[in-house]
S.K.: 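Structure in structure tokens, see below.
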Amino acid sequence: MSPESNIERVVPVMVPMPAERPYSYGVPVGMHIEPGSIVRVPLGPREVAGVVWDGEGELVPASKLRRISHVFDCPPLPAEMRKFIDWVANYTVSPPGMVARMALRAPAAFDPEPPVEGIRLTGLQPDRLTPARRRVLELAENGQAWTRSGLAHAAGVSSSVIDGLIEQGVFEHIDLPAQPVVAQPDPGFGRAQLTPEQEAVAARLREKVGQGGYSATLLDGVTGSGKTEVYFEAVAAALEQGRQVLILLPEIALTQAFLDRFHDRFGARPAEWHSDLAPRKREKVWRQVAEGQVRVVAGARSALFLPFSELGLIVVDEEHDPAYKQEDRVFYNARDMSVVRARIGNFPVILASATPSLESRVNAEQGRYERLVLPVRFAQVAMPDIRAIDMRRSPPQPGGFISPALLEAISQTLARKEQTLLFLNRRGYAPLTLCRVCGHRFQCENCSSWLVEHRFRKQLVCHHCGHHEPRPEACPECGTLDHLVPCGPGVERIAEEIDHHFPDARTIILSSDLIGGVKRLRLELEAIANGEADIVVGTQLVAKGHNFPGMTLVGIIDADLGLSNGDPRAAERTFQLLHQVTGRAGRTGLKSTGLIQTYQPEHPVMKALVSGDAEAFYAREVEERRRAGLPPFGRLASIIVSAGTKPEAEGYARELRRAAAHAPEIDVLGPAEAPMAMVAGRHRFRLLLHASRRADIQSYIRAWTARAPKPRGSVRVQIDIDPQSFL
DNA sequence: AGCACGCCGACT
DNA sequence: GTCGGCGTGCTC
């Protein structure tokens with residue numbers, strides 16, 4: 001295509017699309033390129049940003065070879081990041097181009113930020129000295145540079161005063177470096193007063209950071225044990241070493257409260273990174289992380305793919321949280337990939353949680369991680385007193401879901417003018433609606449799941465694919481009027497029941513259905529903190545990120561929900577979630593209570609919650625996983641086949657199944673309809689792979705899919721190594 | 001993942 | 001007669 005004489009050499013370039021390997025591009029004579037350079041290259045009909053990869057460019061037919069069109073004035077993507085991208089692609093069995101794409105998610109950041117126009121004194125004197133001019137000159141006399149409007153504002157004059165002075169040559173224009181997105185954190189700013197136990201753990205973490213080199217630490221501390229303050233000491237140590245720090249938080253936990261605590265300790269806020277960051281801000285953060293101006297990032301899982309050049313510590317807070325698992329495009333768990341990133345970068349990683357994942361506990365037991373335990377809450381804050389309510393012995397009234405025991409506790413809490421939190425992890429009014437006459441059940445037309453009644457919206461809603469329809473008066477099957485019955489509770493129904501029993505109490509429902517988005521949620525939380533509500537009925541939303549200082553009673557409406565869904569992690573998840581919810585209370589020094597409604601009070605989850613001792617529960621779960629050869633002892637993977645129509649998806653899944661490579665240690669189950677049978681208008685089927693030992697399941701999948709017929713039509717295949725959720 | 005090219009339904 | 005829906009195929 002282009003005359004060869006114009007091309008110096010051929011280099012591999014990773015482009016942001018599902019390419020299995022880098023593409024080859026010619027380097028024009030005189031263009032300076034190194035591995036990691038971020039470049040603009042022609043790709044089909046458009047131009048995209050890619051990264052120059054390592055090694056030699058592959059030989060490619062001259063007719064296909066095109067040339068790099070531009071090198072961005074941007075720090076090259078560090079070798080560590082390129083290695084990390086290759087590693088993640090290999091592990092997740094995804095095209096490396098798609099992983100690289102995650103690291104290039106700030107298109108406008110590759111060009112330097114435009115400098116801010118500033119002004120500075122030249123030394124020349126103005127012809128006349130008016131009072132306004134005098135104020136301006138006094139402020140500027142130390143030779144410091146100002147922005148035009150900044151100086152005018154500071155001096156309390158209009159900007160035409162400044163313009164006049166510029167005109168006379170008193171000020172000259174200079175380019176100021178772009179404004180940093182955040183101030184520099186100061187590791188010595190506000191050292192917290194730590195207890196001796198906390199101090200010991202903090203000292204160990206500081207030591208690890210100080211030594212340098214890779215290490216993985218599980219920081220295990222109950223809610224209120226000061227985990228955050230303790231790992232802040234590790235952050236301080238890394239900053240003192242001149243390294244950058246990444247703190248990962250589950251998306252929802254990225255709250256004002258965390259940022260404030262960070263500010264109290266370091267005198268500045270960390271840079272934030274999450275999916276709904278404004279594009280302009282996003283670009284600034286990306287650029288300043290690459291340039292090393294930003295020293296600490298607090299972010300959601302995608303922050304792992306920021307182009308840090310001096311990263312020296314990763315903290316994964318609430319490491320057990322399922323939000324660390326990405327389940328679209330590239331399926332990865334940011335907690336696990338953080339450990340990999342730390343090993344590649346040769347620096348420490350800290351996994352923190354009050355309820356560590358079973359995987360992390362086993363890794364600690366096997367000596368791969370060091371486990372540091374913070375056993376006690378601050379002296380003045382007692383752990384909540386948690387009791388199970390046996391629903392067989394204390395059943396609710398017919399048509400109700402709250403047992404007399406819980407109602408009595410709520411009543412007493414109201415009498416004391418304290419607050420109650422009721423937790424039910426189910427949105428809407430009722431999870432199932434049926435016709436009392438013919439038995440018709442309302443089911444989603446796309447998925448196989450029941451439609452959830454949302455009484456407030458007067459709709460039946462599918463919680464899997466978002467499909468919704470108005471709730472009819474008559475049964476669509478038999479036509480009978482007014483005989484549709486809601487079955488089971490959602491938060492709306494619990495709130496209704498509360499209103500019935502306590503008509504004078506101020507009740508708030510908190511779920512993702514709350515209209516008004518994050519802003520409204522923040523307002524509601526504030527109102528609750530100010531004591532403007534007596535009873536809060538909430539879903540999962542209340543489990544994370546935000547504490548309710550005034551809550552002295554937490555009621556779990558249905559602790560058994562989620563225990564019987566076939567997910568091998570169901571018990572662990574339930575324990576973690578309920579522990580977290582009950583931990584929201586009891587921070588005020590008041591005596592607080594957690595009441596757990598269950599039909600199986602003997603269940604290990606309930607016993608662990610009631611006793612506050614998770615060791616026996618975890619030991620049992622570990623044994624169960626070991627026996628069944630489930631992660632972390634064995635391996636699981638899913639192959640998800642999706643297509644526009646059900647037969648298409650199922651048909652290809654069957655073809656894939658027939659092509660299964662023989663490996664005695666790997667079982668293939670399915671195809672079966674995938675847990676979320678329909679997503680974004682596509683039908684999904686799943687093959688489940690199980691190896692009872694830590695087999696190289698990736699090689700197996702590669703060999704297998706290579707043998708299988710190519711996906712035809714709209715069929716797409718996605719691979720999920722160790723699916724972390726089965727719902 | 002984008003994007004263009006290509007072939008079938010309702011309209012300026 | 002066109003505009004536009006999204007199925008299909010390609011990108012060094």
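Just so we're clear, the structure is a prediction, and the values are computed from it rather than from any experiment. Lettering of chains follows the sequences in order, A, B, ..., and the numbering in each one begins at 1. Heavy atoms only: backbone and side chains are in, while hydrogens, waters and symmetry mates are out.
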S.K.: Starting at atom CZ of Arg21(A), determine the distance to atom P of dT11(C), rounded to an integer number of angstrom.
M.R.: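 My rounded result for the distance is 11 Å.
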S.K.: Is any NZ, NE, NH1 or NH2 atom of the basic residue among Arg21(A) and Glu58(A) found under 4.0 Å from an Asp or Glu carboxylate oxygen of the other?
M.R.: yes
S.K.: Side-chain polar contacts of residues 29-45 of chain A - donor-acceptor pairs under 3.5 angstrom, sequence neighbours left out - could you list them?
M.R.:
unit_1	atom_1	unit_2	atom_2	d
Ser37(A)	OG	Glu34(A)	N	3.0
Ser37(A)	OG	Glu34(A)	O	2.9
Arg40(A)	NE	Glu47(A)	OE1	3.1

S.K.: Taking salt bridge (charged side-chain N to carboxylate O under 4.0 Å, His left out) as the definition, give me every residue that meets it alongside Glu319(A), ordered by chain and number, with sequence neighbours left out.
M.R.: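 Partners of Glu319(A) by the salt bridge (charged side-chain N to carboxylate O under 4.0 Å, His left out) criterion, ordered by chain and then number, come out as Arg335(A).
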S.K.: Suppose we call two aromatic rings close when their centres sit under 6.0 Å apart. Are Phe331(A) and Tyr91(A) close by that rule?
M.R.: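 Here the rings of Tyr91(A) and Phe331(A) have centres that are no less than 6.0 Å from each other.
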S.K.: Send over the distance from Glu20(A) CD to dC10(C) P, rounded to a whole Å.
M.R.: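 It is 17 Å, rounded to the nearest whole Å.
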S.K.: Between atom OH in Tyr25(A) and atom C1' in dC12(C), what is the gap in whole Å?
M.R.: 5 Å
S.K.: What I want to check is whether the side chains of Arg573(A) and Asn565(A) have a donor and an acceptor closer together than 3.5 Å.
M.R.: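 No, Asn565(A) and Arg573(A) have no side-chain donor paired with an acceptor closer than 3.5 Å.
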S.K.: Could you tell me the separation between the CD1 atom of Ile7(A) and the C1' atom of dC12(C), rounded to a whole number of Å?
M.R.: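 Rounded to the whole Å, the gap is 11 Å.
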S.K.: Quick one about Asp720(A) and Gln718(A) (side-chain donor to acceptor, distance below 3.5 Å, no hydrogens or angles considered), yes or no?
M.R.: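 Looking only at side-chain atoms, Asp720(A) and Gln718(A) do not form any donor-acceptor pair under 3.5 Å.
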S.K.: Which part of the nucleic acid does Ser24(A) contact within heavy-atom distance under 4.0 Å: base, sugar-phosphate only, or nothing?
M.R.: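 Contact class for Ser24(A): base.
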S.K.: To the nearest Å, how far apart are Leu65(A) CG and dT11(C) P?
M.R.: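 Computing the Leu65(A):CG to dT11(C):P distance gives 13 Å.
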S.K.: Might you list the N or O atoms of the protein lying below 3.5 Å from N or O atoms in nucleotides 1-3 of chain B, with each pair's distance?
M.R.:
unit_1	atom_1	unit_2	atom_2	d
dA1(B)	O3'	Arg101(A)	NH2	3.0

